[in-house]
Amino acid sequence: EVEYGLRGAFAFENLLTQESQGNSQGLLRHYYSNLKSFFPLIDAAGLEGDFSGTPALICGAGPSLSTNVALFSEFKNKGLIFAGGSALKVLVSEGIEPHFTACVDPNEEQFRRMKGLENLKSPCFMIGRSHHEALCNLGGRKIFVPQLDAFPISYWIEEQLGLSQKKWEQPLNVVHVCLMMAYHMGCSPIIFSGLDLSFPKEKKCHKSLNSTNLDHSHYGDYLEVKDIFGNPVLTMYQWIREAKFIQKLMEKHSEVEYLNATEGGMGIKGIENITLLEVNKKLKKALCNLKERVNNSLDLKELSGSNVGLV
């Protein structure tokens with residue numbers, strides 16, 4: 001486990017280095033363009049507790065997502081659906097509009113993933129350095145998660161703009177951001193789908209994703225592990241680290257119920273494995289007007305534009 005942790009940390013730091021070296025101007029361009037284009041913003045900190053006790057389904061982009069996506073329509077009336085990145089592309093291709101999306105990566109792949117989603121009206125969690133053009137491709141309102149950008153000046157800028165100074169855990173990917181926001185809004189139970197953190201050796205993916213989405217070589221070497229059924233699958237040290245981050249958040253929020261409806265993959269220690277069909281049966285009560293509740297909550301949280309001149 002020590003080796004996995006070290007290799008995962010090195011892989012992630014290497015990815016961050018590749019992202020920022022020679023590209024610091026690009027990151028600052030995204031940051032400035034995002035603040036200028038989307039101000040006045042909705043501050044994510046203001047959503048605290050707004051959906052207390054509401055189930056949340058958080059989607060990864062693993063191969064198993066294709067198995068479950070047909071059941072999302074029923075779940076949508078029982079809880080909030082969060083999706084970002086490639087998972088968002090899969091859901092939209094199947095006619096599922098999540099209640100919340102997220103866009104956090106500054107790379108060009110993020111821009112390509114978000115193409116064709118201009119008509120999507122789901123509100124989107126963003127950070128300052130999210131790829132600006134990718135965010136522009138998403139039609140919904142933007143919810144800013146402050147204090148998650150790497151440059152020191154960002155903290156000062158956000159304070160001047162009246163954004164919250166809440167300290168968050170530093171997430172490793174878009175799933176972590178969705179999970180943190182679900183916690184923040186009081187959601188429970190929290191259900192995962194498509195969170196394989198691995199893939200079968202044949203590398204199958206949803207029809208909406210092309211083969212470039214399966215190239216994870218920038219994370220480092222593959223290694224073979226057992227999935228929840230005891231079958232061999234391939235994972236990466238970075239994904240093991242991402243699973244441990246989720247475990248860390250679970251320990252911090254032990255009052256929340258967790259269910260893993262991925263129906264495959266290597267699983268996450270401490271989470272019950274269950275099918276999404278069983279989840280839908282377990283959540284018998286349909287929740288009225290969830291989309292309207294989301295919109296009403298955001299209407300009350302939009303910041304005043306009085307500081308826009310500072311941008």
Side-chain angles (χ1 to χ4, degrees), residues 9 12-50 82 84-85 100-111 114 123-138 140-186 242 245 248-249 252-253 297-311:
F12 182 68
E13 292 303 323
N14 182 55
L15 185 62
L16 288 181
T17 301
Q18 292 175 13
E19 187 179 272
S20 59
Q21 275 187 347
N23 193 35
S24 58
Q25 289 184 341
L27 295 179
L28 286 170
R29 180 186 72 81
H30 290 313
Y31 185 85
Y32 178 75
S33 298
N34 287 336
L35 290 180
K36 186 175 181 180
S37 298
F38 303 124
F39 202 87
L41 296 159
I42 298 168
D43 190 333
L47 300 175
E48 185 171 7
D50 279 9
F82 295 72
F100 292 100
T101 69
C103 178
V104 299
D105 294 329
N107 51 48
E108 288 301 311
E109 180 58 33
Q110 181 80 337
F111 174 58
M114 298 300 105
C124 177
F125 290 108
M126 58 170 282
I127 62 176
R129 67 194 187 105
S130 300
H131 195 290
H132 178 65
E133 287 74 22
L135 282 172
C136 290
N137 279 343
L138 295 168
R141 288 191 283 181
K142 307 303 185 287
I143 308 170
F144 190 78
V145 187
Q147 303 291 303
L148 286 186
D149 289 286
F151 5 95
I153 194 173
S154 66
Y155 304 128
W156 179 84
I157 292 173
E158 290 163 19
E159 183 179 3
Q160 302 308 304
L161 292 174
L163 294 163
S164 72
Q165 302 299 295
K166 179 179 173 63
K167 302 300 182 185
W168 311 87
E169 298 283 348
Q170 289 296 318
L172 305 181
N173 60 25
V174 69
V175 168
H176 295 162
V177 171
C178 290
L179 176 58
M180 288 161 54
M181 294 302 101
Y183 283 138
H184 183 64
M185 293 190 292
E242 290 170 5
F245 184 91
K248 176 183 176 182
L249 289 180
K252 186 175 180 180
H253 300 275
S297 175
L298 298 183
D299 286 343
L300 297 171
K301 304 302 190 306
E302 193 165 271
L303 289 181
S304 164
S306 60
N307 289 335
V308 70
L310 293 174
V311 181

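Residue indices begin at 1 and follow the sequence shown. Basis for what follows: all heavy atoms, side chains included, without hydrogens, waters or symmetry-related copies.
- In this structure, the side chain of Asn173 engages the main chain of Val175 through a donor-acceptor pair within 3.5 Å.
- Between the side chain of Lys301 and the backbone N or O of Asp299 there is no donor-acceptor pair closer than 3.5 Å.
- Here the straight-line distance linking atom OG of Ser37 with atom CD of Glu133 works out to 9.0 Å at 0.5 Å rounding.
- Using a distance-only test at 3.5 Å, with no hydrogens or angles considered, a donor-acceptor pair links the side chain of Gln165 to the main chain of Leu163.
- In terms of heavy atoms, Pro146 sits closest to Glu158 at CB-OE1, 3.4 Å.
- Going from atom SG of Cys124 over to atom CG of Asn137 covers 11.0 Å, rounded to the nearest 0.5 Å.
- Note: Tyr32 OH to Ile153 CD1 = 11.5 Å, rounded to the nearest 0.5 Å.
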Exercise. Would Met185 and Phe100 satisfy side chain to side chain contact (heavy atoms under 4.5 Å, CB included), going step by step from the backbone distance to the final call?
Worked result: CA-CA 12 Å; Met185 293 190 292; Phe100 292 100; 3.8 Å; yes

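- Under the 3.5 Å distance criterion, the side-chain polar atoms of His176 are left unmatched by any main-chain donor or acceptor of Phe245.
- Between His132 and His30, the ring centre distance reaches or exceeds 6.0 Å.
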Problem set entry | side chain to side chain contact (heavy atoms under 4.5 Å, CB included) assessment of Gln110 paired with Asn107 | CA-CA 6 Å; Gln110 181 80 337; Asn107 51 48; 3.5 Å; yes

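- Here CE of Met181 is found 8.5 Å from CG of Leu47. Values are rounded to the nearest 0.5 Å.
- Test Leu41, Ile42, Asn34, Asp43 against Phe144 for side chain to side chain contact (heavy atoms under 4.5 Å, CB included) and you get one pass: Leu41.
- In this structure, CE on Met126 lies 8.5 Å from SG on Cys103, to the nearest 0.5 angstrom.
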For this session: Starting from the C-alpha separation in whole Å, work towards a yes-or-no answer on salt bridge (Lys or Arg N to Asp or Glu O under 4.0 Å) for Glu48 and Lys166.
Result: CA-CA 11 Å; Glu48 185 171 7; Lys166 179 179 173 63; 5.4 Å; no

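- Of the possible donor and acceptor atoms, one in the side chain of Tyr31 sits under 3.5 Å from a partner among the backbone N and O of Ser154.
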For this session: Decide side chain to side chain donor-acceptor pair (under 3.5 Å) for His131 and Glu108; before the verdict, give the C-alpha distance in whole Å, the side-chain angles of both, and the deciding distance to 0.1 Å.
Result: CA-CA 8 Å; His131 195 290; Glu108 288 301 311; 3.0 Å; yes

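- Closest of all the heavy-atom pairs between Val174 and Gly84 is CG2-CA, 4.0 Å.
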